[in-house]
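For clarity, every value in this text was computed on a predicted model and none was experimentally measured.
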Amino acid sequence: MDQISESKIIGVATRRVDGPLKVSGAAMYASDHHFPGLLFAWPVCATIAKGSISSLDTAEAEKMTGVVAVYHRTNIGPLYRVPPASGFSLILDEKRPPLEDDEIRYYGQYVAVVVANTVEQARAAAESVKVTYNREKPDADSKLRGSPLTTEKPEEKSKRGDTAAALRSAKVKVDSIYTIPAETHNPIELHASVAVYDGQKFTLYETSQAVVNHRDVLAQMLGVPPEQVQVITRFLGSGFGGKLWPWPQSALAAACARNLRRPVKLVVSRQMMFQSVGHRPAIEQRIQLAADLDGRLTAIEQEYVNHTSMLDDYDEGCGEITPFIYSTPNLLVTGGLARRNVGNPTAMRGPGAVPGLFALESAMDELAVSLKMDPVQLRLKNEPEIDESLKIPFSSRHMKECLTTGAERFGWANRTAEVGSMKRDGLTLGWGVAACAWLAARTETEASVELKQDGTARVACGTQDIGGGTYTVLAQIVSHETGIPVGKIDVVLGDSALPSGPISGGSWVTASVTPAVLEAARNAGQRLLLTAVKSENSPFKGRKPGELEFVGGMVRLKGQAQSAVPMAEVLRIAKINSVAGTGKSAGTLGAAKPEFSFHSYGAQFAEVTWQPEIARLRVNRVVTVIDAGRIMNPRPARNQIEGAVVMGIGMALFEETMYDRRSGAPVNNNLADYVMAVNADTPQIDVAFLDYPDYKLNALGVRGVGEIGLAGIAAAITSAVYHATGIRVRDLPVRIEDLLAMPRSDSAD
Amino acid sequence: MELFQLVTAQTISDAIQAQARSATAQNGADVRFIAGGTNLVDYMKLNVERPRQLVDINGLPLDKVEKTAEGGLRIGALARNADVAQDAIVKESYAVLSEALLSGASPQLRNMATTAGNLLQKTRCVYYRDTASACNKRQAGSGCSAIGGYNRMLAILGTSDHCIATNPSDQNVALTALEAVIHIEGRNGQRSVPISEFYLLPGSTPERETVLQPGDLITHITLPAPVAGAKSAYLKLRDRASYEFALASAAIVMKQDGERIRYVRVAMGGVGTRPWRAVEAEKMLLGKAATAENFRAAADAALHGARPQSQNGFKVELAKRCLTHAMRQVSQIA
């Protein structure tokens with residue numbers, strides 16, 4: 001593969017090109033779209049988690065001021081199921097179209113939808129729809145291991161050697177169970193759909209991390225060809241995975257627009273965000289480690305169970321990182337799913353890896369304590385030479401340097417191992433560390449680049465910017481290839497009508513768009529050279545395209561700067577408005593025989609302060625070192641890691657969706673009762689990137705940074721908590737009651 | 001939210017007459033005064049509050065903070081939490097109130113929220129907020145979902161078999177320690193109620209939270225003259241560092257004569273069904289030496305009658321540590 005090592009713009013800290021639009025309020029988010037005749041839809045949500053509808057009385061609602069229609073199972077019109085997914089097409093988590101039958105499978109399931117002239121009228125009428133239920137006892141049990149699974153026994157996910165034998169004969173062992181509660185995505189932008197139907201075509205303004213998939217899914221559900229559906233997400237108020245796949249409100253809005261032939265807006269409420277648009281499932285994991293007395297791992301066994309809904313088999317995949325992160329001859333990862341009456345789980349930032357590493361890295365810390373060994377040294381000692389699960393080399397792995405660089409930046413050498421032994425200003429300090437990793441990949445991508453007579457360029461790709469800086473990344477790539485400054489490049493994203501681009505998931509957008517956009521820019525440049533040699537009055541007329549080059553925004557004879565003519569001038573002479581090129585690149589995911597193990601790596605160090613006299617624990621500072629290839633744009637990349645660290649503090653210390661076991665309702669369904677980290681909880685955050693280009697992934701050597709920053713933080717914090725307090729919290733979040741060594745109790749017992 | 005009528009009160013008497021048409025001044029009132037609206041409007045959106053009429057009292061001349069002839073302080077019902085917190089006299093002589101206010105909510109909310117509105121702040125019990133759940137406070141006789149449910153945040157003192165909801169306010173804890181008096185104007189004229197008598201225990205009627213009757217308008221509160229030489233402090237413990245209700249909080253006013261404690265008031269938040277005055281702790285401390293042992297013994301006494309629920313047993317110990325630490329801060333013993 002080509003290697004592009006020199007660049008004036010790749011790797012250079014660059015301001016977000018969409019920043020001014022966002023801070024001035026000009027950026028149009030899904031629910032900002034408004035059209036003449038727009039109506040508002042408000043769903044009616046089930047107030048039971050299991051059972052069926054026995055009656056649904058809409059008479060009062062229909063008579064209310066401003067109400068245009070009330071839809072339910074018998075009058076919503078056709079909404080079809082979607083064929084099984086393949087690749088990144090036709091994916092959705094909740095397979096059942098809304099209102100399909102009268103059975104209730106989770107609290108908050110939509111049972112009807114009201115359409116009215118104003119959102120207040122729609123909401124008031126929705127609250128006046130009278131629903132009676134045949135109520136059954138829901139299963140919202142938070143205990144997972146030991147309860148019936150969807151499969152006869154846990155499925156084997158990765159295996160080598162004989163862990164049972166190694167565990168039997170081990171000199172040192174860890175055997176612990178770790179749990180993570182259901183966590184709800186709470187981006188500030190609520191899920192929203194604005195559906196416009198002209199009798200032929202649906203234009204859907206959505207909160208989507210994957211507009212092309214969203215189009216394909218909605219076309220299937222509505223029973224129309226994909227050409228008759230266009231999905232637009234120009235800006236996203238973040239998604240964290242919760243907006244990857246379509247949720248029922250999207251089909252409801254589209255069906256209402258179809259039935260009424262008027263634009264319909266449906267914005268999910270914060271309460272509904274806890275019910276019907278996904279969450280990270282509750283997970284229980286047992287980790288067993290075996291090691292020699294010198295700290296060398298002889299076995300890793302991981303068994304996880306996550307809850308899933310009655311409607312889908314969502315597998316969190318907690319063994320994602322385990323098979324390759326450490327060297328061990330014996331390894332076994334198994335996973336199982338337990339059904340509950342909850343809304344459908346879905347991917348949340350770093351699915352699988354984040355909860356999996358919380359458990360594995362906590363166990364590694366426990367092992368270090370058992371061995372009386374420094375936890376950084378323990379990890380260094382178990383660094384593998386190759387990916388031992390696939391028996392292939394790593395494309396580019398610098399885990400050891402992440403650990404050693406992080407230790408240096410953090411001041412780890414000053415750590416004393418004894419619990420509670422470190423003090424500062426009357427506070428007890430706890431220091432913890434965790435390693436982390438996340439996959440690196442490319443997925444199939446198409447892009448187009450247009451070079452224009454006004455001196456600007458336009459680059460288009462059917463991917464989205466979910467806040468991570470994708471607009472700016474595409475501008476940088478085109479700028480690198482053409483020499484046109486970033487400020488003169490118009491980036492067009494978030495539209496399913498554009499060349500098909502990657503989903504904004506997996507931290508792979510930057511890696512995926514790189515080859516396709518480079519190729520498109522190169523092809524546009526070739527077309528420009530062709531134009532230069534063909535057009536009348538061109539100074540290059542009669543030359544061969546191969547004699548010319550397109551450098552720094554200028555066409556010139558190869559190596560001859562004095563011959564340069566600006567791109568705009570070449571096009572003006574030719575009386576051509578623009579020349580375009582397309583690019584297309586294949587994916588690396590799912591390759592039958594991968595040559596390299598592609599991943600990013602990191603190490604995270606946390607300092608907590610502990611005041612036992614008032615049971616106050618705070619995270620004081622976090623150091624993160626990331627090996628994610630070359631960093632395309634250090635500014636938003638740093639944002640990603642910083643944001644993930646703050647999110648990780650929430651995961652470690654605060655976040656938990658509380659399902660009332662009696663009703664199945666997520667009862668802390670608002671931003672006051674679902675506790676996340678706020679500014680006052682934000683510690684000093686130090687971020688360092690190692691910046692080793694991974695040219696085996698793409699010519700720029702870039703991977704991605706969207707998720708890895710969350711992957712080690714919870715374990716680093718709980719290890720620091722142990723170091724400060726002597727209390728090992730294996731059930732997230734760490735609660736004050738844990739630190740007071742008081743028992744917890746589940747809800748509604 | 002249901003349709004409602006908004007009227008503006010031009011005079012105190014207008015306001016009283018308008019609210020007097022409501023059958024109750026408690027949960028389920030038909031007519032509500034609205035000032036900052038930071039609490040009421042939320043509950044209207046959730047259909048927990050369904051007033052037919054809102055009486056906007058923001059135009060009434062009740063927003064002053066001024067010294068009383070007796071050397072105390074008069075705080076108008078409409079004085080905003082932010083203004084009271086930053087008032088020079090409050091900061092100087094009633095620091096516990098300033099600290100309590102600043103520990104609550106966010107700057108935006110404090111800019112809107114009023115003194116009387118905060119006095120009447122509703123519980124954060126999740127079942128009170130959810131009209132699909134049973135809640136005796138919201139709907140008398142429907143049951144209490146919090147008992148045996150999600151009750152980690154809820155009360156351990158003053159509870160009944162009908163309600164365990166916490167009074168969530170920080171301000172009211174400080175006002176309890178400061179022995180504030182609440183001044184009310186109603187159909188039958190003016191009256192004054194000490195804060196210790198203003199809130200009702202839930203008992204079998206948790207829907208009734210205060211002594212307010214239809215037509216009653218809180219016009220102001222008064223604080224007695226500051227106790228010369230006393231120090232005060234507010235300590236709030238919670239999961240995150242800001243913008244969250246207390247798991248336990250303590251308001252302490254204490255005066256020492258050398259080692260001896262000559263005056264002490266102790267109040268707790270986050271643990272009681274009303275702002276909780278710990279008279280037992282005060283009795284135990286009065287005349288004693290300000291020592292860590294005595295503080296802990298007083299804290300034990302304060303929590304003596306605690307009745308924890310399935311999830312909040314830790315609050316007993318947490319509240320004790322909170323009290324002990326706050327007392328140590330005020331007395332400045334190591």
Closest non-hydrogen contact found for D239(B) with F654(A) is O-CE2, 3.2 Å
Distance col, row S663(A):OG vs Y127(B):OH, nearest 0.5 angstrom, shows 6.5 Å
If one checks every heavy atom of E613(A) against chain B at 4.5 Å, the contacting part turns out to be both
dist R240(B):CZ -> R618(A):CZ (nearest 0.5 Å) comes out at 10.5 Å
If one checks every heavy atom of E244(B) against chain A at 4.5 Å, the contacting part turns out to be side chain
If one checks every heavy atom of N670(A) against chain B at 4.5 Å, the contacting part turns out to be side chain
Between K45(B) and R123(A), the two heavy atoms sitting closest are O-NH2, 3.0 Å
> Would E737(A) and R152(B) pass as an ion pair if we require N to O under 4.0 Å?
Replying inline: yes
Closest non-hydrogen contact found for R662(A) with I147(B) is NH1-O, 3.4 Å
Cut-off 4.5 Å, heavy atoms of chain B, and the answer for L739(A) is neither
The reported gap from CG in N668(A) to CZ in R129(B) (rounded to nearest 0.5 angstrom) is 10.5 Å
Correct closest heavy-atom pair for M1(B) and A124(A) would be O-CB, 4.0 Å
*Does any N or O in the side chain of D660(A) come within less than 3.5 Å of the main-chain N or O of G149(B), such that one atom is a donor and the other an acceptor?*
no
The interface call for S145(B) against chain A, heavy-atom contacts under 4.5 Å, is both
task: Any chance you could lay out the side chain to side chain contact (heavy atoms under 4.5 Å, CB included) test for R238(B) and V675(A), step after step, and finish with the verdict?
output: CA-CA 11 Å; R238(B) 46 186 160 185; V675(A) 182; over 6 Å; no
Turns out that what part of T47(A) lies under 4.5 Å from chain B's heavy atoms comes down to side chain
What one should report as the nearest heavy-atom pair of I614(A) and R321(B) is CG2-O, 4.2 Å
To the nearest 0.5 Å, atom CG of D673(A) lies from atom CZ of F245(B) at 8.0 Å
* Asked: For R616(A) and L237(B), what are the C-alpha separation, side-chain angles and deciding distance, and is it a side chain to side chain contact (heavy atoms under 4.5 Å, CB included)?
  -> CA-CA 8 Å; R616(A) 178 176 286 168; L237(B) 303 182; 3.7 Å; yes
When the 4.5 angstrom heavy-atom criterion is applied to N151(B) and chain A, the contacting part is neither
Bottom line for L3(B): the part with an atom under 4.5 Å from chain A's heavy atoms is neither
Applying a strict 4.5 Å limit to non-hydrogen atoms, the region of I736(A) in contact with chain B is both
Derivation of the side chain to side chain contact (heavy atoms under 4.5 Å, CB included) call for D130(B) and V667(A): CA-CA 8 Å; D130(B) 174 25; V667(A) 288; 5.7 Å; no
In short, A615(A) meets L318(B) closest at the heavy-atom pair CB-CD1, 3.7 Å
Pair count under 4.5 Å, heavy atoms only, with chain A: among T324(B), N47(B), L235(B), highest is N47(B)
